[in-house]
Every structure is written in structure tokens, then in C-alpha cells.
Q: 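Mind looking over this structure? Questions follow.
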Amino acid sequence: MRALAEVLTSDRGIVPIAVVAGATILAPIVDRYVIRRRRVIYRELYNSKIGLNPVTLSDQENGAVQADPELVRTVQLLEPLSVVVIRIRNTGSFDIGPDDWEHPLQFTFGRRVVWDARVSDAKDGLREVVRNGLEFFTHDQPTPESGTARLSGVRALLSQRLSGFLRQPDTPAPVAQAPQWHGVRLEQLSLKRREKFKLVVVLREPDDWRGGPLSKELDVTGRLSGGRIKDERKQRWLSWPVVTVAIGVLLTGALLSMLIVAASRGPAPGCGSGTLAVHGSSAFARIMKGIATEYDAQCPGATITTQAVGSVSAVRELGPLPADQKDSLAVLSDGKASDAGPDLVTQPVAVLVYSLVVNKSVGVDHLSSEQVRGIFSGKYTNWAQLREGPAVPIRVVGRGQESGTRKTFEAKVLGAAESGLSSDDCRTPNRDPRAAVVRCERGTTDDLLHAVGDTPGAIGYADVPAAKIAAANGKVAMAKLDDRFPDVTSIDAGYRFWTVEYLYTKGVPENDSLLKQFIDYLRSSTARAELQDAGYTPCVTKQGLLDQYCTRPDA
């Protein structure tokens with residue numbers, strides 16, 4: 001998370017934040033005005049019965065009907081009827097014409113039969129447009145070409161039904177078999193922007209209805225070219241356009257803050273030109289190579305090479321460098337070099353935490369300092385002496401005398417020098433059969449981790465970022481030391497297997513040299529983000545001060 005924060009607040013983070021902010025703000029606008037320009041919103045305002053129940057017209061004591069027979073018949077007619085009121089609006093950014101409909105907007109009501117429909121709350125011109133296109137259709141023939149009737153025809157049938165039902169009993173009723181309409185379609189619908197109207201539909205229950213609750217089904221279909229039809233009740237206030245715009249506004253605010261902060265910091269480290277070699281610690285070589293590659297990419301005139309030769313060897317290589325070549329080489333050392341001359345200048349780069357590593361087959365995830373000293377001195381030669389389980393010979397994989405990691409291990413954990421080299425294959429004491437410890441050496445951190453992973457019963461040490469990568473491959477396990485996990489947060493609790501990575505130069509670099517520009521880059525937010533992303537704690541904080549661990553006397 002810290003690494004992500006550093007990247008986002010660095011110069012590298014400005015461009016992606018600007019792109020994401022612009023995209024999130026523009027996405028709803030593009031969707032509304034380019035992709036889905038036309039929108040029709042409908043809302044079911046009312047869907048319930050009309051009329052009275054005949055029970056209300058009865059004498060509650062003897063059940064005798066007291067109401068007028070004509071009223072009773074009227075109530076019986078109204079009992080299965082219901083009314084649905086639907087509001088339809090154009091909420092899009094463009095007018096909608098007949099040619100914009102791939103399929104017309106239509107409403108069906110389950111098994112209920114349409115008796116009548118009317119248009120309400122519409123301007124006069126819109127009312128006529130909707131009325132002229134209002135059609136009724138059946139379930140069996142829902143297409144516009146057949147099985148439909150216009151509003152005027154349904155009104156005539158309705159008049160016949162009502163007159164026939166309300167006719168006096170002694171007057172013969174005309175026989176008319178009316179179609180059973182189950183849906184209402186809005187053909188040739190035109191809606192200007194922000195226009196709206198209400199559709200009022202009178203329905204009755206099917207012929208086999210025998211009382212009980214009335215139906216309330218409502219299904220809406222239709223398709224707009226380059227648009228959508230939505231139920232207003234299902235519209236959420238926290239919709240994706242609102243969320244994306246909110247994110248875009250927040251990112252824009254963050255971007256403005258970053259630009260203000262960047263302006264307050266002054267110009268970023270400049271680009272140098274020429275060639276520079278960085279030699280030294282193999283534990284830090286991987287991340288330094290990544291930072292150098294990033295710098296080369298930003299500065300085409302610079303060429304920086306890295307080489308892992310060991311901390312001690314690198315410092316010795318820097319000492320006799322001629323004055324005219326002093327800005328062509330910098331070296332990395334795990335901890336301060338004891339034999340560095342007075343003309344060498346140190347630059348703290350990062351906190352370097354180490355971990356004990358064991359072969360996965362050992363089955364050990366923690367060791368005490370006393371046990372580690374016993375292993376490296378030859379007191380313990382088999383893992384069965386330290387934990388329950390099968391007997392597995394202990395094999396030690398160490399680093400050579402040029403290694404800064406070895407120096408830190410000897411100073412912080414062993415309190416003494418490691419035993420002599422007794423093995424080449426890390427399995428048998430083929431170099432010294434009488435040695436108490438089977439111990440081999442490897443020249444780099446990666447070579448040591450490979451040897452530990454390939455050798456049953458092996459133990460060694462490495463920097464935490466490299467150890468985590470090896471542990472992820474499944475052959476190596478990291479072990480706690482004195483019940484403290486290897487991490488920078490454990491230092492205050494007493495974890496002592498750590499040091500500071502230093503960059504050594506021969507004197508103070510010239511201001512216009514590539515070495516000076518690269519050192520400035522190592523202090524930048526971009527390099528800090530890369531260090532944190534790789535698992536290291538930068539010595540230079542965001543405020544430009546030294547981290548507390550980089551100034552401790554026991555670093």
C-alpha cells in the first residue's frame with residue numbers, strides 16, 4: 001500500500017490518474033450523448049380495482065339486497081374491473097421519432113382484458129399523436145400487422161357492452177362477440193425531449209374469474225435504437241454514472257493536489273549523460289538494476305550498468321580509482337565498510353532486513369539465536385536435535401568473505417566468524433572430511449537460495465525480498481529468529497538481523513555528473529516507490545529526511 005501511494009504521488013502517477021479521472025467523468029457523458037442518446041422512462045402510478053364490492057350493498061343481518069337492482073348490476077359490472085395508470089417520459093438528450101423504434105413500446109397485463117384506454121396529462125399535439133398510434137392486440141396475435149384495433153374501434157365495442165349490460169331485462173340485448181384485447185401498443189410514438197404523458201387503461205378480469213383479489217401484472221416491452229427503456233421505480237440514486245462521476249471528481253481533486261505538491265517541490269531530478277557503473281552487494285543488485293533501468297528509460301543520454309561482486313570487493317575496487325574517473329563508479333555495501341578510506345563518501349539508500357532460510361523438508365519455521373550459533377559452530381549436526389521428527393543432517397550454505405550479508409550475519413547473529421569452507425557440493429565435507437560442520441559457500445544471494453532449496457537439511461540466510469521470492473517457489477522456507485518475524489516492523493521489538501544499504505562514491509560527485517543526477521534520483525519519490533514495491537524501506541523519507549533506522553548507531 002505504501003508503494004502504491006508513493007507511485008500515485010510521484011510523477012509517474014500523474015498520467016494514469018489523469019487518464020482514469022477523465023475516463024470516469026466522460027464515460028456517463030459518452031453513454032448518454034453518444035452510445036445511448038435516447039431514453040424513455042415509464043412508471044406505474046396506479047394499478048388497482050375500481051367500483052364497489054356487492055357485499056357492501058347487502059343487509060348485514062339477513063343478507064337481503066337493499067340496493068336498487070340497476071345499481072347492483074352496475075356494481076357487478078365494475079367488480080372485476082381495474083385501472084392502470086402509467087406515466088411515460090422522454091428523459092434522453094434527443095427527440096424520439098417513429099423511426100427510432102426497433103420495436104414499439106407496448107404493455108400487457110397478464111390475463112386481464114383491455115376494455116378501454118385514454119391519454120392524459122399531455123399537450124394537445126402530443127395527445128393526438130399518441131391517440132392516433134394507440135392500438136390493442138391479443139396474446140395470440142401480438143404483431144402490428146394483424147389482430148389489432150385502434151382506440152376508436154374499442155370505444156365502440158365498449159359502448160355496446162355497457163348498453164347491453166345496462167339494458168332493461170325485458171329489452172333483448174344485441175348479440176356481439178367482442179375480441180379479447182390483452183395488450184396496448186404505442187405505434188408511431190413521437191416524444192420530444194422532456195415530453196411526457198399518462199396512459200390510463202381500464203381492464204377486466206378474464207371470463208373464468210370467480211371473485212377474489214384482482215390481478216396486478218404489468219409487462220413492458222419495446223426497443224429503442226441507440227437508447228433504452230427503463231422502469232423509473234428501478235432507477236437507483238446510486239447508479240453507475242453517479243459513482244463514476246464521483247470517482248472522477250475525487251481523482252481530479254487528487255490530481256490537482258499532486259500538481260500543487262509537485263510544483264511546491266520544485267523541479268524533478270535532472271537527467272545526466274554518459275556512463276556509470278554500480279557494483280557491490282548481490283542482495284541489493286536486483287532492485288538497483290531495476291532503478292537504473294528506469295532511469296535509463298527516462299534519460300536516453302545515460303547508460304547505467306550494475307554488477308553484483310560483493311560489498312567488500314566493491315569498496316576495495318573504489319578506493320584506488322583515479323581522480324579523473326571518480327564519477328564513473330559507485331558501489332553498494334551492506335552496512336558500513338570497515339576498511340573504507342577517508343576519501344569515500346556514503347549515501348544511505350535503504351533499510352535491509354535479512355532472514356534465515358531453510359530447506360522446506362527441514363520442517364522448521366523458527367530458531368533462537370543460541371540454536372543458530374550452535375548450528376554454525378557444529379554443536380548441532382542433525383535437525384532431530386532441534387525439533388521432533390526424522391533425522392536430517394544439517395548442511396550450512398554461507399556466503400564468501402567478500403559478502404556484506406555475511407559480515408552482517410556474523411556481527412548481528414553469530415557474534416563470531418563463520419567456520420571454514422568444508423564442502424563444494426553442500427552435501428558432504430569433501431574439502432575437509434574432519435570438519436565439524438558441512439559448510440559450502442555461494443557467491444551471490446540467488447546462488448545461495450538455489451543451493452538451500454536443492455539441498456535437503458540446508459540452512460542459510462538472505463535479504464527478505466529475495467527470500468520471499470524463493471519461498472514462493474516452494475523449496476525454501478523463512479524462519480523466525482527469537483520468535484520475531486523478519487520485517488522492518490520487528491526491529492523495535494528486538495529483531496537484530498538487519499542493516500542499512502549504503503552507496504559509496506569516491507569523494508563528492510560533480511554537480512553536472514551522471515553520478516550526482518543518479519544519486520538525486522535515488523532520493524526521488526519515483527525511486528522510493530520502487531524500493532517500497534520491492535520490499536525495502538527507503539532511507540530518505542517523503543519529506544526529504546532520513547528514516548529513523550538509517551540514523552541508528554546499530555544500523
Side-chain angles (χ1 to χ4, degrees), residues 279-286 307-317 331-335 337-339 352 354-362 367 371-383 392-467 469-471 475-479 481 486 497 499 501:
H279 297 171
S281 165
S282 66
F284 209 70
R286 181 185 290 107
Q307 185 177 356
V309 297
S311 301
V312 177
S313 296
V315 172
R316 290 175 181 166
E317 180 183 358
V331 300
L332 293 166
S333 174
D334 300 345
S338 58
D339 54 348
L352 198 59
Y354 300 97
S355 173
L356 295 170
V357 291
V358 296
N359 184 275
K360 195 78 170 182
S361 64
V362 169
L367 290 166
Q371 289 174 327
V372 174
R373 287 191 285 268
I375 290 172
F376 279 77
S377 67
K379 177 181 178 180
Y380 304 112
T381 59
N382 198 291
W383 287 108
V392 179
I394 295 176
R395 282 92 174 222
V396 173
V397 183
R399 295 289 305 279
Q401 294 182 356
E402 305 299 318
S403 168
T405 303
R406 172 176 172 174
K407 288 178 57 180
T408 303
F409 178 68
E410 291 174 339
K412 296 291 187 71
V413 181
L414 291 186
E418 288 193 48
S419 59
L421 179 65
S422 64
S423 175
D424 290 328
D425 60 7
C426 301
R427 294 173 180 265
T428 59
N430 49 13
R431 292 179 66 93
D432 184 1
R434 295 174 295 177
V437 181
V438 177
R439 179 181 175 277
C440 63
E441 292 179 357
R442 292 296 180 261
T444 66
T445 298
D446 287 342
D447 290 342
L448 180 145
L449 289 169
H450 283 301
V452 171
D454 294 338
T455 307
I459 182 174
Y461 43 81
D463 61 285
V464 168
I469 294 174
K475 292 185 177 181
V476 172
M478 299 171 62
L481 179 62
F497 194 11
T499 190
E501 188 71 22

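Residue numbers count from 1 along this sequence.
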Q: Starting at CG of Leu481, measure out to CD of Gln371 and round the result to the nearest 0.5 Å.
A: 10.0 Å
Q: Locate the shortest heavy-atom distance separating Ala467 from Leu449; write the atom from each residue and the value.
A: N-CD1, 4.3 Å
Q: Of the non-hydrogen atoms in Asp454 and Asn359, which two are nearest, and what is the gap between them?
A: N-ND2, 4.3 Å
Q: To the nearest 0.5 Å, what is the distance between OG (Ser377) and CD (Glu418)?
A: 11.5 Å
Q: Restricting to salt bridge (charged side-chain N to carboxylate O under 4.0 Å, His left out), what partner residues turn up for Arg442, sequence neighbours left out?
A: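 Scan of Arg442 (salt bridge (charged side-chain N to carboxylate O under 4.0 Å, His left out), adjacent residues dropped) gives none.
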Q: Between Arg286 and Thr445, is there a side-chain donor-acceptor contact under 3.5 Å, judged purely by atom types and distance?
A: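 The answer is no; no qualifying pair exists.
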Q: So, taking the atom named CG in Asp463 and the one named OG in Ser282, what distance separates them when rounded to the nearest 0.5 Å?
A: 8.0 Å
Q: For Leu448 and Val397, which heavy atoms make the closest approach, and how far apart are they?
A: CD1-O, 3.5 Å
Q: Salt bridge check, Arg316 against Glu402: does any charged N sit closer than 4.0 Å to a carboxylate O?
A: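 Yes, Glu402 and Arg316 are salt-bridged.
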Q: Do Ser403 and Glu441 touch side chain to side chain, with heavy atoms closer than 4.5 Å?
A: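 Of all side-chain heavy-atom pairs linking Glu441 with Ser403, none is under 4.5 Å.
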Q: I'd like to check Arg431 versus Leu421 (side-chain heavy atoms, cut-off strictly below 4.5 Å). Are they in contact?
A: yes
Q: Do Ile459 and Val358 come close enough that some side-chain heavy atom pair is under 4.5 Å?
A: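 When only atoms from C-beta onward are counted, Val358 and Ile459 do touch, with a gap below 4.5 Å.
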Q: Which residue, Thr455, Val438, Asp432, forms the side chain to side chain contact (heavy atoms under 4.5 Å, CB included) with Ser423?
A: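 The single option meeting the side chain to side chain contact (heavy atoms under 4.5 Å, CB included) with Ser423 is Val438.
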Q: So does Lys475 have more than 12 non-hydrogen atoms from other groups sitting under 6.0 Å from NZ?
A: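 12 or below, so no.
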Q: Locate the shortest heavy-atom distance separating Pro456 from Arg427; write the atom from each residue and the value.
A: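 The answer is CD-NH1, 3.4 Å.
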Q: Output the distance between atom OG1 (Thr444) and atom NE2 (His450), rounded to the nearest 0.5 Å.
A: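 Answer rounded to 0.5 Å: 8.0 Å.
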Q: Nearest 0.5 Å, what's the CD-OG distance between Glu501 and Ser281?
A: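 Going from the CD atom of Glu501 to the OG atom of Ser281 covers 4.0 Å.
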Q: How are the rings of Tyr461 and Phe409 set relative to one another: parallel (under 30°), tilted (30 to 60°) or perpendicular (over 60°)?
A: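 Tyr461 vs Phe409 ring planes: parallel.
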Q: For the residue pair Ala477 and Lys360, what are the closest heavy atoms and their distance?
A: CB-CD, 4.2 Å
Q: Taking Arg406's backbone N and O only, do any of them form a donor-acceptor pair with Arg399's side chain (distance below 3.5 Å, no angle check)?
A: no
Q: Would you say the side chains of Asp334 and Thr499 form a donor-acceptor pair under 3.5 Å?
A: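 The criterion, which ignores hydrogens and geometry beyond distance, is not satisfied for Thr499 and Asp334.
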Q: Ignoring hydrogens, what is the shortest heavy-atom contact between Trp383 and Gly457? Give both atom names and the distance.
A: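 What the structure gives for the nearest pair is NE1-O, 2.9 Å.
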Q: Looking at CG of Asp424 and CG of Asn430, how far apart are the two atoms once the value is rounded to the nearest 0.5 Å?
A: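 Reported value, rounded in 0.5 Å steps: 5.0 Å.
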Q: Does Phe497 reach the side chain of Val464, with side-chain heavy atoms less than 4.5 Å apart?
A: no
Q: Hey, is CD on Gln401 packed in by over 12 heavy atoms from elsewhere, all under 6.0 Å?
A: no
